[in-house]
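Just the heavy atoms: all of them, side chains too, but no hydrogens, waters or symmetry mates, feed the values below. Order of the sequence lines sets the chain letters (A, B, ...), proteins ahead of strands, with each chain counted from 1.
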Protein chains: 2
Amino acid sequence: MVQYSQNHIDASFGALADATRRGVLEQLGRADASITDLAETFHMTLTGMKKHVVVLERAGLVSTEKVGRVRTCRLGRRGLEEEATWIEGYRQVWAERFDQLDTVVAELKQKENKHGR
Amino acid sequence: MVQYSQNHIDASFGALADATRRGVLEQLGRADASITDLAETFHMTLTGMKKHVVVLERAGLVSTEKVGRVRTCRLGRRGLEEEATWIEGYRQVWAERFDQLDTVVAELKQKENKHGR
DNA sequence: GCTATACTGAACCATCTAGTTCAGTATAGC
DNA sequence: GCTATACTGAACTAGATGGTTCAGTATAGC
């Protein structure tokens with residue numbers, strides 16, 4: 001089986017498990033933003049938003065740079081390759097497991113149709 | 001923007017954020033298993049494994065059926081479509097954001113060459 | 001130098017998580 | 001009926017999470 005970096009994957013699936021953090025990623029996809037910008041968008045204190053940014057940074061999904069007073073956040077270097085790979089692998093196995101069930105269901109539907117529903 | 005079912009996505013990214021639960025999904029991809037089987041594989045008490053199974057069940061990733069004493073677990077009806085879609089959307093935006101940065105593009109190309117793709 | 005802005009860190013809180021133990025209940029098989 | 005197996009539920013633990021407030025520090029701009 002493929003060996004995944006459990007740390008990366010744990011951290012990023014954990015990061016993605018929160019709607020606010022997914023929202024932050026979507027906002028940063030449109031434009032870089034300061035902590036203040038993000039905190040305002042999500043109606044949260046600066047401190048609260050800072051914590052979310054730290055979580056995203058640890059997962060490698062966001063990178064930040066402080067210039068003067070302002071810390072600017074942008075999408076990080078990781079593009080969720082491993083996560084996409086894991087999910088695709090799962091989906092493939094899942095499809096295989098359900099192929100048999102699918103054919104059975106299809107047969108049942110055909111029978112139903114023959115009986116004119 | 002596409003509207004996702006936040007509950008589903010929260011639940012399943014949360015479920016996937018744990019290495020044990022990803023392992024359970026991989027094991028169930030190979031064959032159905034009882035709680036006892038899973039608990040043994042992951043060196044955990046029955047009660048502990050039961051909790052993981054409940055989390056996976058709530059996320060729709062596993063379904064279970066009790067026959068006699070034994071509760072059999074199998075992959076559930078959900079195939080992580082929404083999650084795959086979210087991640088793919090993110091990866092697309094991520095790529096666009098980084099296309100503008102010449103240096104990063106150059107780095108990616110170098111990496112691709114190294115991996116021989 | 002003064003003031004407003006932008007962040008940071010510590011401390012606190014309630015709730016959730018991942019695990020345990022222990023005491024059950026229900027079923028399988030002799 | 002008896003015993004072993006398989007699970008279930010309640011209660012407890014330590015630690016993480018998602019948020020807050022409050023008291024700072026550092027910088028921008030007049």
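Using a cutoff of 4.0 Å between basic side-chain nitrogens and carboxylate oxygens, B:R91 and A:E83 are not scored as salt-bridged.
Between B:I35 atom CD1 and B:K50 atom NZ the span is 6.0 Å, to the nearest 0.5 Å. In this structure, the separation between CH2 on A:W94 and CG on B:L28 is 14.0 Å, given to the nearest 0.5 Å. One distance of note links CG of A:D10 with CG of B:L16; it measures 10.5 Å at 0.5 Å rounding. Between the CG atom of B:D37 and the CE atom of B:M49 there is a distance of 10.0 Å, given to the nearest 0.5 Å. Taken to the nearest 0.5 Å, the OG1 atom of A:T20 stands 11.0 Å off from the CG atom of A:L25. For the atom pair CG of A:L61 and CZ of A:R21, the computed distance is 10.0 Å after rounding to the nearest 0.5 Å.
Each of A:R58 and A:H43 has a nearest nucleotide on DNA chain D; the 5'-most of these lies closest to A:R58.
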Criterion side-chain contact (heavy atoms from CB on, under 4.5 Å) on A:Q27 and A:F42, from CA distance to verdict: CA-CA 10 Å; A:Q27 177 166 350; A:F42 294 94; 3.6 Å; yes
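Residues from residues 64-72 of chain A lying near DNA chain C, meaning a heavy-atom separation below 4.0 Å, are A:K66, A:R69, A:V70, A:R71 in numerical order. In the region residues 46-57 of chain B, proximity to DNA chain C at under 4.0 angstrom, judged on heavy atoms, holds for B:T47, B:G48, B:K51, B:H52.
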Dot-bracket assigned to DNA chain D with the 3.5 Å Watson-Crick/G-U criterion, [ ] for crossing and | for other-strand pairs, is ||||||||||||||||||||||||||||||
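Residue A:Q92 places its CD atom among 12 or fewer non-hydrogen atoms of other residues, nucleotides or ligands, all under 6.0 Å distant.
The backbone N or O of A:A15 lies less than 3.5 Å from no partner atom in the side chain of A:R58, so there is not a single donor-acceptor pair.
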